[in-house]
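This report refers to the structure that appears directly beneath it.
Bear in mind that the values here come from a model prediction, so they are computed numbers and not experimental data. Values below: all heavy atoms of this structure, side chains included; hydrogens, waters and symmetry mates excluded.
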Amino acid sequence: MGRTRGTWNTKGMWLAGGVLAAVLALTGYAVLSGGDGGGDTPAGKGGASTSASASPGPSATYAPPDDWTEPNSWAALPRGKRTDDHGSQVGFPKSTEGAVAMMLAANSTDIEGTKTNADEQLRIYRSYIGKADQTSENAEQIELNGQQSDKALAKQMGVAAGQPLPSGAYVRSTVVGYKIIKKSDTEVSAWLLSRVVQKNGETAKESGSYTRTLAGAQWEGGDWKLTGDATARAQQDVQGQAQPHIVAPGDADFNSSGWTAIRQAS
């Protein structure tokens, strides 16, 4: 497995990365400069080919179609029972849906104002990564890479590094679909389909697109946690298989790819 690195290009930016790809990629997010509003996002559907080695991090993006096709499968995932000291929902039920709900929480971020990507990545790391994968070195690497991505984001939005983002500016990531790879009472792996949106100011147009991420979770200490071991096993399980298309809910290929759409829990 390769290392995750912070990168910036016309398609997007890795927000985070670090030493253990199977762990730190779980706290990685794409900030997109193209999008479903007609930016420079590729027009073709992503992820149609078979991959011998599936990366756990965000993959290619695409532009959604104009026509709506109702998803065949919907899920209303449970919420965590409580909020931890880092402001994250925790305490998910011991079920497949509970594991996916944790993955959703761990892959949802909101960067705006004085809240930085480094803040969000460290919060996710402390709340959702398994104990065996939590080390001072990993935490330091996540913070350093988060700070580098924050500098790149500040530059793109026209503010000095370390300063709050412009008024009305934000970057948000939300999981909109999932596909189970393998499940048991104590371990669940899944593909996650996320929408990432970015707005560079109050009068700027919001841009967005979609990413596909591989995640593995284990039941640990009375809750679900993302772990490097579970993610590595998920990578092995999908080797040689066609990966689900990176498509929006409402795209006909959403159904043929086996995605389940997510309803917000009430």
Side-chain angles (χ1 to χ4, degrees), residues 1 4 15-16 18-29 54-58 73-110 119-135 138-139 142 173-195 211-238 244 258-266:
M1 293 178 290
T4 318
L15 293 186
V19 183
L20 298 174
V23 178
L24 304 189
L26 298 174
T27 57
Y29 299 88
S55 167
S73 180
W74 288 90
L77 298 174
R79 295 183 183 274
K81 293 181 179 179
R82 63 187 184 278
T83 301
D84 68 8
D85 293 339
H86 309 295
S88 303
Q89 279 192 40
V90 295
F92 294 93
K94 191 179 182 182
S95 63
T96 300
E97 291 76 16
V100 175
M102 181 279 294
M103 294 176 184
L104 182 152
N107 283 272
S108 299
T109 57
D110 185 0
D119 293 336
E120 285 285 78
Q121 301 311 314
L122 285 172
R123 174 186 65 80
I124 291 166
Y125 178 77
R126 291 164 178 158
S127 296
Y128 299 119
I129 300 298
K131 284 186 178 180
D133 297 312
Q134 290 210 18
T135 68
N138 288 348
I142 284 180
S173 177
T174 306
V175 180
V176 297
Y178 68 93
K179 181 178 182 179
I180 298 297
I181 298 168
K182 199 170 185 178
K183 61 182 179 180
S184 71
D185 289 342
T186 57
E187 183 166 329
V188 176
S189 57
W191 289 108
L192 305 177
L193 180 67
S194 297
R195 184 168 188 258
T211 66
R212 179 188 58 216
T213 309
L214 183 67
Q218 292 177 276
W219 186 255
E220 176 183 294
D223 205 355
W224 291 103
K225 299 291 182 181
L226 299 170
T227 70
D229 285 346
T231 302
R233 284 189 284 271
Q235 287 180 296
Q236 293 173 355
D237 288 338
V238 300
W259 292 112
T260 295
I262 296 173
R263 296 189 193 277
Q264 291 297 322
S266 59

Are any of the side-chain heavy atoms of Tyr178 and Met103 separated by less than 4.5 Å? no
Shortest non-hydrogen separation from Glu120 to Thr109 and the atoms involved: OE2-CA, 3.3 Å
Given side chain to side chain contact (heavy atoms under 4.5 Å, CB included), test Thr186 with Gln218 step by step and report yes or no. CA-CA 6 Å; Thr186 57; Gln218 292 177 276; over 6 Å; no
Can you give me the closest heavy-atom contact between Ala215 and Leu192, atom names plus distance? CB-CD1, 4.1 Å
Pairwise side-chain contact, Val176 with Ile262, heavy-atom cut-off 4.5 Å (strictly under): no
For the OG1 atom of Thr174 and the CG atom of Asn107, what is their distance to the nearest 0.5 Å? 10.5 Å
Hey, does Leu226 have a side-chain heavy atom less than 4.5 Å from the side chain of Thr231? no
Applying side-chain contact (heavy atoms from CB on, under 4.5 Å), name anything that partners Lys182, two or more places apart in sequence or on another chain. Ser189, Asp237
Distance-only, no hydrogens or angles: does the Gln134 side chain make a donor-acceptor pair with backbone N or O of Ile129 under 3.5 Å? yes
Minimum-distance pair of heavy atoms, taken over all atoms of Ser173 and Ser194: OG-CB, 4.2 Å
Hey, could you give me the CG/CD distance between Leu104 and Glu97, rounded to the nearest 0.5 Å? 13.0 Å
Using distance only, find each side-chain donor-acceptor pair of residues 86-95 under 3.5 Å and give its atom names and separation, not counting sequence neighbours.
{"unit_1": "Ser88", "atom_1": "OG", "unit_2": "Arg123", "atom_2": "NH1", "d": "2.8"}
{"unit_1": "Ser88", "atom_1": "OG", "unit_2": "Ser127", "atom_2": "OG", "d": "2.9"}
{"unit_1": "Gln89", "atom_1": "OE1", "unit_2": "Gly80", "atom_2": "N", "d": "2.8"}
{"unit_1": "Ser95", "atom_1": "OG", "unit_2": "Gly98", "atom_2": "N", "d": "3.0"}

Closest heavy-atom contact between Gly177 and Trp259? C-CE3, 4.0 Å
Gap separating the CG atom of Asp223 from the NZ atom of Lys225, nearest 0.5 angstrom: 5.5 Å
Would you confirm whether Asn138, through its side chain, and Asp133, through its main-chain N or O, come within 3.5 Å as a donor-acceptor pair? yes
Do Ile180 and Thr96 touch side chain to side chain, with heavy atoms closer than 4.5 Å? yes
Does Trp191 form a side chain to side chain contact (heavy atoms under 4.5 Å, CB included) with Ile181? I'd like the steps, not just the answer. CA-CA 7 Å; Trp191 289 108; Ile181 298 168; 3.8 Å; yes
For the residue pair Glu220 and Lys131, establish whether any side-chain heavy-atom pair is separated by less than 4.5 Å. yes
Can you check side chain to side chain contact (heavy atoms under 4.5 Å, CB included) on Thr260 and Lys179, steps first, answer last? CA-CA 6 Å; Thr260 295; Lys179 181 178 182 179; over 6 Å; no
Side chain to side chain contact (heavy atoms under 4.5 Å, CB included) between Leu122 and Ile142, worked out: CA-CA 7 Å; Leu122 285 172; Ile142 284 180; 4.2 Å; yes
Shortest non-hydrogen contact between Trp224 and Ala217, atoms and distance: CZ3-O, 4.0 Å
